[in-house]
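Notes for the one structure printed next.
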Amino acid sequence: MQILDSIANVSNDQELIEIRNIIAECFSNKALNAVDELCDAGKLSTKIIESWSKEHLRTPYK
């Protein structure tokens, strides 16, 4: 609710961009920390992550 109140009081586009970047950085840090934890636990490796780039998970259409 506090975030919504803050956004309601934004007076220009630059402030909105700054708030958006702060929120994005927060979630990015959480994701990176989660990946680091999985790597430290041995459940994830750079080899696995690189293999994801070669996957094709699109729905085949006829």
Side-chain angles (χ1 to χ4, degrees):
M1 294 305 291
Q2 290 175 345
I3 292 172
L4 293 176
D5 289 338
S6 298
I7 292 172
N9 295 320
V10 170
S11 61
N12 61 51
D13 288 341
Q14 184 60 35
E15 288 181 359
L16 185 60
I17 290 169
E18 290 174 7
I19 291 171
R20 188 182 317 153
N21 288 340
I22 291 168
I23 293 170
E25 185 177 349
C26 175
F27 284 107
S28 173
N29 287 339
K30 284 186 175 206
L32 289 172
N33 289 338
V35 169
D36 286 342
E37 287 179 18
L38 289 171
C39 288
D40 292 343
K43 297 179 181 180
L44 189 63
S45 68
T46 55
K47 185 176 180 180
I48 293 170
I49 295 171
E50 288 174 8
S51 73
W52 293 342
S53 69
K54 296 172 180 64
E55 289 184 359
H56 297 283
L57 302 175
R58 291 181 228 126
T59 303
Y61 294 101
K62 295 180 182 181

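The first residue of the sequence shown is numbered 1, and numbering continues consecutively from there.
Taking CD of Gln14 as the start and CD1 of Ile19 as the end, the distance is 10.5 Å to the nearest 0.5 Å. To the nearest 0.5 Å, the span separating CD on Glu18 from CD1 on Ile23 amounts to 12.0 Å.
In this structure, the side chain to side chain contact (heavy atoms under 4.5 Å, CB included) partners of Leu44, at least two apart in sequence or on a different chain, are Val35, Leu38, Cys39, Ile48, Ile49, Trp52. The side-chain hydrogen bond (donor to acceptor under 3.5 Å, both in side chains) search around Ser11 returns Glu15, not counting sequence neighbours.
The local environment of CG in Asp13 is sparse, with at most 12 non-hydrogen atoms from other residues, nucleotides or ligands closer than 6.0 Å. Within a 6.0 Å sphere centred on CD of Glu55, other residues, nucleotides and ligands contribute more than 12 heavy atoms. Counting heavy atoms of neighbouring residues, nucleotides and ligands inside a 6.0 Å radius, atom CD1 of Ile3 does not exceed 12 of them.
Connection of Phe27 to Leu16 is established within a shared hydrophobic cluster, with ILVMFWY side chains joined at heavy-atom distances below 4.5 Å, either directly or through further cluster members.
In terms of heavy-atom proximity, Lys54 sits nearest to Glu50 at NZ-O, 3.8 Å.
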